[in-house]
*Asks:* 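Have a look at this one before I ask anything.
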Amino acid sequence: METTSNSSDFIREIVKEDLQAGKVQQVVTRFPPEPNGYLHIGHAKSICINFEIAKDFNGKTNLRFDDTNPLKEDVEYVNAIKEDVAWLGFTWDGLFFASDYFEEMYDRAVVLIKKGNAFVDDLSAEEIRQTRGTLTEPGQNSPFRDRTVEENLDLFARMRAGEFKDGEKVLRAKIDMSSPNINLRDPVIYRIAHATHHNTGDKWCIYPMYAFAHPLEDAIEGVSHSLCTLEFKDQRPLYDWVIRECEMPHISHQYEFGRLSLTDTIMSKRYLKKLVDEGVVDGWDDPRMPTISGLRRRGFTPESIRTFVRELGVTVGSGEVDYKMLEHYIREDLKLKAPRTMGVIRPLKVVITNYPEDQVELLDAEVNPEVPEMGTKQIPFSREIYIEQDDFMEVPAAKYFRLFPGNEVRLKNAYFIKCHDVVKDENGQVVELHCTYDVETKSGSGFTGRKVKGTIHWVDAKSAVPVEFRLYESLLTGSKEDGDFIDRMNPNSLEVVHGYVGADLQTAQPQDKFQFFRHGYFNVDPKDSTPEHKVFNLIVSLKSSFQIK
RNA sequence: UGGGGAGUCGCCAAGCGGUAAGGCAACAGACUUUGACUCUGUCAUGCGAAGGUUCGAUCCCUUCCUCCCCAGCCA
């Protein structure tokens with residue numbers, strides 16, 4: 001279930017005003033990822049904002065790869081990003097690469113040089129850093145700042161021609177070394193990198209920097225509202241400077257919103273990559289990862305993510321959202337979509353001693369009690385079943401109304417059973433229960449003779465399908481005060497358990513989602529699940545107000 | 001410290017001078033063949049602080065405090 005929110009936000013207000021004032025004829029936004037890693041839930045926010053705002057105003061949205069740094073980028077990432085955006089449910093109007101515009105960017109840099117607004121600098125990276133000044137002190141002009149236009153033109157052409165080594169020269173914008181905004185202190189706009197680019201191969205050995213390339217990309221595509229996160233706020237004057245000084249015919253404007261943070265969640269691409277590279281997780285799509293592909297494998301739906309993001313709103317605040325809020329939206333979505341079924345995660349065998357030895361009966365069960373239209377199915381029941389270990393206590397805790405010696409409970413969709421004997425192994429561990437059932441209490445029979453407090457789930461032992469359950473917790477524990485990510489890794493983020501599901505799940509397919517009664521929502525793992533050995537990923541557990549004290 | 005941004009319930013977030021929406025979480029109760037769902041209640045005399053303007057301020061002014069971002073030839 002996806003909600004439609006008609007609430008506005010400060011960006012939509014700006015767009016509305018621009019349209020009304022005639023400043024903008026056509027709304028064009030873009031999602032501009034750098035293909036240097038996989039997309040995560042934070043990017044999902046940006047994707048939703050860009051696509052949905054454009055849609056609200058009958059505009060267009062481009063998917064544009066900001067591939068200006070060949071050292072970090074790879075086609076593997078561009079393919080993954082395309083898949084993730086599409087899976088989230090968005091269709092881009094134009095598919096572009098910053099590298100499509102390298103030639104024009106070069107030409108615009110030449111325009112800058114000719115106007116005396118850019119110069120080739122021989123200073124080393126270290127020297128540039130040292131002369132940039134500090135937060136409180138202005139920087140110093142480079143000794144190469146006053147080279148003639150002719151010399152700059154010649155040097156820049158030779159940079160492109162490959163006459164210089166990496167780091168030997170850069171092209172810098174000539175703005176103001178004493179600006180209180182450090183981004184305006186003659187920022188580097190081109191650097192030399194003799195590296196093979198995933199798109200342009202070895203055609204180029206100089207690459208534009210983000211601050212120079214991004215505004216040009218937007219202007220070239222006719223982007224009307226360039227939406228980015230808050231940390232780019234200080235770049236805005238530079239963004240406007242580049243478009244103006246490069247004499248771009250279309251003028252784009254940048255607006256910033258607060259990025260998404262989630263509790264106990266790593267949102268740093270750099271660190272996520274590290275987890276992948278070091279094998280801490282099973283790749284970018286490990287179900288514990290906050291990546292789009294990880295959430296997909298975990299079992300989240302695109303609708304739940306979109307609704308979550310929409311309900312978050314668009315603001316300039318920078319808070320940390322409770323992961324419980326994301327969980328709420330996936331529960332809400334799956335509540336009406338996921339078939340109900342029974343699975344026993346930690347099995348305890350129960351023998352129903354008064355049930356005929358070789359009898360098997362089929363019981364009716366609703367596919368989803370909340371959605372009668374989903375119909376019913378039949379599940380087998382016989383003398384031996386498995387129940388959850390947690391659903392039995394030899395010495396019951398306070399307010400415990402599940403199974404214990406002498407107590408009667410309802411078996412979901414089946415009969416009342418009462419526990420008579422407890423079988424233990426040599427260590428005193430309970431290994432089996434002997435119960436009796438009451439044939440009159442059959443589910444659906446309308447029996448009202450007596451009531452029981454508890455209903456527990458079960459799986460018929462004979463037809464049970466052994467499966468693997470993967471139970472997840474967040475990758476991090478504690479809070480920021482507890483240290484860096486490395487100190488906060490949760491050792492229990494994955495627990496693998498072997499149990500049983502009913503025969504009705506024999507045909508479950510990868511990515512099928514179910515609600516196991518009284519447990520939670522699970523997804524059939526698409527990577528490790530086979531027809532013979534099914535793996536179920538815990539998406540989110542059901543809420544519970546009961547705690548054994 | 002210079003520049004930029006933000007401070008409304010535990011979290012997110014409306015509010016745009018007329019007397020604090022909503023969602024998440026939490027708690028209490030009802031219902032229950034999921035201790036789920038659903039339903040019903042409770043949950044900021046208060047909007048970072050202190051002054052001021054005003055009949056009236058979360059919204060305007062002043063000062064102060066706290067947090068986040070910027071000193072990559074990353075994006």
Side-chain angles (χ1 to χ4, degrees), chain A residues 3 5 7-9 32-34 36 66-69 71-73 121 123-126 128-130 132-139 166-172 178-185 187-193 206-207 209-211 213-214 228-237 256 258 260 263 269-270 308 311-313 315-329 331-332 335-336 340 342 365-366 369-370 399-402 409-414 416 441 443-444 451-457 515-520 541-547:
Chain A
T3 62
S5 172
S7 67
S8 192
D9 54 68
E34 182 190 15
N36 68 341
D66 216 344
D67 55 350
T68 58
N69 186 354
L71 270 10
K72 293 186 174 174
E73 296 150 9
D121 200 343
L123 255 31
S124 68
E126 175 63 12
I128 287 179
R129 191 179 65 73
Q130 282 170 352
R132 186 151 27 225
T134 67
L135 294 179
T136 50
E137 300 160 299
D166 290 5
E168 211 172 317
K169 284 181 170 42
V170 291
L171 184 70
R172 287 230 254 173
S178 63
S179 172
N181 181 344
I182 294 178
N183 295 295
L184 262 21
R185 317 239 263 229
V188 172
I189 57 176
Y190 261 97
R191 80 285 215 177
I192 298 170
I206 57 171
Y207 293 93
M209 301 286 290
Y210 167 87
H214 205 86
C228 62
T229 45
L230 230 47
E231 64 270 28
F232 292 100
K233 183 87 177 174
D234 292 339
Q235 300 258 5
R236 193 140 120 183
E256 312 83 11
L260 170 66
T263 54
K269 243 200 227 181
R270 195 196 116 264
F308 167 67
E311 294 303 316
L312 247 27
T315 68
V316 288
S318 54
E320 193 177 52
V321 177
D322 197 331
Y323 185 83
K324 285 184 162 72
M325 191 163 160
L326 212 209
E327 291 188 325
H328 167 78
Y329 289 105
R331 282 196 195 100
E332 187 177 79
K335 182 173 67 190
L336 300 178
R340 308 288 121 116
M342 295 195 276
E366 290 174 293
E370 307 212 34
K399 297 249 183 82
Y400 185 83
F401 44 80
R402 275 112 93 151
V409 298
R410 179 190 295 280
L411 248 25
K412 177 76 182 172
N413 291 136
F416 286 8
T441 60
S443 177
K451 287 189 180 291
V452 287
K453 289 283 279 181
T455 296
I456 64 174
H457 60 275
Q515 185 206 91
F516 289 116
F517 274 113
R518 304 206 301 131
H519 277 304
S541 62
L542 254 25
K543 293 210 285 186
S544 174
S545 58
F546 176 72
Q547 296 290 330

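Quick note on labels: first sequence line is chain A, next is B, and so on, each numbered from 1. Heavy-atom basis, side chains included; hydrogens, waters and symmetry copies ignored.
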*Asks:* Spell out yes or no: do the side chain of A/N181 and the base of B/G4 have one donor N/O and one acceptor N/O closer than 3.5 Å?
*Replies:*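 Answer is no: no donor-acceptor pair is held.
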*Asks:* Drop me the distance from A/T441's OG1 to A/R410's CZ, to the nearest 0.5 angstrom.
*Replies:* 7.0 Å
*Asks:* When you compare B/A50 with B/G46, how far apart are their P atoms, in angstrom units rounded to a whole number?
*Replies:* 11 Å
*Asks:* Side-chain N or O of A/R191 less than 4.0 angstrom from OP1 or OP2 on B/G72?
*Replies:* no
*Asks:* Within the structure, does a side-chain N or O atom of A/R518 lie under 4.0 Å from either OP1 or OP2 of B/G35?
*Replies:* yes
*Asks:* Which nucleotide sits closest to the side chain of A/I128: B/A75, B/C73, B/U1?
*Replies:* B/C73
*Asks:* CG/A/L184 to CG/A/D234 distance, rounded to the nearest 0.5 angstrom?
*Replies:*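 A/L184 CG to A/D234 CG: 10.0 Å, rounded to 0.5 Å.
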*Asks:* Categorize A/G520 for me: base, sugar-phosphate, or nothing, with a 4.0 angstrom heavy-atom threshold over every strand shown.
*Replies:*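 No contact.
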*Asks:* Among B/G3, B/G35, B/A25, which nucleotide has an atom closest to any side-chain atom of A/S545?
*Replies:*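 Looking only at side-chain atoms, A/S545 lies closest to B/G35.
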*Asks:* So for A/S443 and B/U33, does any side-chain atom that can act as donor or acceptor lie under 3.5 Å from a complementary atom in the base?
*Replies:*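 Such a pair is found, so the answer is yes.
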*Asks:* With heavy atoms under 4.0 Å as the rule, sort A/K399 into base, sugar-phosphate or nothing.
*Replies:*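 Base contact - A/K399 has a heavy atom under 4.0 Å of at least one base atom.
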*Asks:* Quantified in whole Å, what is the P atom distance between nucleotide B/C65 and nucleotide B/A25?
*Replies:* 38 Å
*Asks:* Which is true for A/G167 with a 4.0 Å heavy-atom rule: it touches a base, it touches only sugar-phosphate, or it touches nothing?
*Replies:*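 Contact class for A/G167: base.
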*Asks:* Using atom P in both nucleotides, what's the gap between B/U66 and B/U19 to the nearest angstrom?
*Replies:* 34 Å
*Asks:* Base, sugar-phosphate, or nothing for A/V170, non-hydrogen atoms under 4.0 angstrom?
*Replies:*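 Result for A/V170 = base.
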*Asks:* I want to check one thing: is the phosphate of B/A6, taken as OP1 and OP2, less than 4.0 Å away from some side-chain N or O of A/K233?
*Replies:* no
*Asks:* Given B/G23, B/A75, B/A71, which nucleotide is nearest the side-chain atoms of A/M325?
*Replies:* B/G23
*Asks:* Looking at A/Q515 and B/U34, is any side-chain donor or acceptor paired with a base atom of the opposite kind under 3.5 Å?
*Replies:* yes
*Asks:* Using a heavy-atom cut-off of 4.0 Å across all strands, would you classify A/F401 as base, sugar-phosphate, or nothing?
*Replies:* base
*Asks:* Contact class for A/Q235 (heavy atom, under 4.0 Å): base, sugar-phosphate, or nothing?
*Replies:* base
*Asks:* Would you say a side-chain N or O of A/T315 is under 4.0 Å from OP1 or OP2 of B/A13?
*Replies:*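 So the side chain of A/T315 is within the cut-off, an N or O lying under 4.0 Å from OP1 or OP2 of B/A13.
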*Asks:* Counting the atoms with a prime plus P, OP1 and OP2 as sugar-phosphate, which does A/R410 contact under 4.0 Å by heavy atoms, base, sugar-phosphate, or nothing?
*Replies:* base
*Asks:* Just checking A/L312: base, sugar-phosphate only, or nothing, at a heavy-atom cut-off of under 4.0 Å?
*Replies:* sugar-phosphate
*Asks:* Quote, to the nearest angstrom, the C1' distance that separates B/U54 from B/G18.
*Replies:* 12 Å
*Asks:* Please work out if A/F232 contacts a base, only the sugar-phosphate, or nothing of the nucleic acid, heavy-atom cut-off 4.0 Å.
*Replies:*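 Base contact.
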*Asks:* May I ask you to evaluate whether A/H457 reaches the phosphate of B/U34, defined as a side-chain N or O under 4.0 Å from OP1 or OP2?
*Replies:*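 Indeed not, no polar side-chain atom of A/H457 lies that close.
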*Asks:* With no hydrogens and no angle check, just 3.5 Å: does a side-chain donor-acceptor pair link A/E126 and A/S124?
*Replies:*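 There is no such pair (donor and acceptor under 3.5 Å, judged by atom type) between the side chains of A/E126 and A/S124.
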*Asks:* Between A/F232 and A/Y210, what is the ring plane arrangement, given parallel below 30°, perpendicular above 60°, and tilted in between?
*Replies:* tilted
*Asks:* Quiz question: going by heavy-atom distance under 3.5 Å, is there a donor-acceptor pair between the base of B/G35 and the side chain of A/R402?
*Replies:* yes
*Asks:* For B/U66, which nucleotide in any strand shown is its Watson-Crick or wobble partner with both distances under 3.5 Å?
*Replies:* B/A6
*Asks:* Atom CG of A/D67 and atom C1' of B/C74: how far apart are they, to the nearest Å?
*Replies:*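 Whole-Å distance recorded here is 14 Å.
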*Asks:* What is the base-pairing partner of B/G35, counting Watson-Crick and G-U wobble geometry with both distances under 3.5 Å?
*Replies:*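 Across all strands, not a single nucleotide pairs with B/G35.
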*Asks:* Salt bridge check, A/E256 against A/R236: does any charged N sit closer than 4.0 Å to a carboxylate O?
*Replies:*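 Yes, A/R236 and A/E256 are salt-bridged.
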*Asks:* What contact category does A/Y400 fall into here, base, sugar-phosphate, or nothing, at under 4.0 angstrom with non-hydrogen atoms?
*Replies:* base
*Asks:* Any base atoms under 4.0 Å from A/K543, or only sugar-phosphate, or nothing? Heavy atoms, all strands.
*Replies:* sugar-phosphate
*Asks:* Need one value for A/T68: base, sugar-phosphate or nothing, where a base atom within 4.0 Å counts as base even if backbone is also close, heavy atoms only.
*Replies:*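 Counting heavy atoms under 4.0 Å across all strands, the contact made by A/T68 is with sugar-phosphate only.
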*Asks:* How many whole angstroms separate atom CD of A/E34 from atom C1' of B/G72?
*Replies:*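 About 13 Å, once rounded to whole Å.
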*Asks:* Look at all strands and tell whether A/I456 reaches a base, only sugar-phosphate, or nothing, counting heavy atoms closer than 4.0 Å.
*Replies:* nothing
*Asks:* Taking the side chain of A/K72 as heavy atoms from C-beta outward, which of B/C74, B/C73, B/U33 is closest to it?
*Replies:*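 The nucleotide sitting nearest to the side chain is B/C74.
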*Asks:* Under 4.0 angstrom, heavy atoms only, what part of the nucleic acid is A/D234 near: base, sugar-phosphate, or nothing?
*Replies:* base
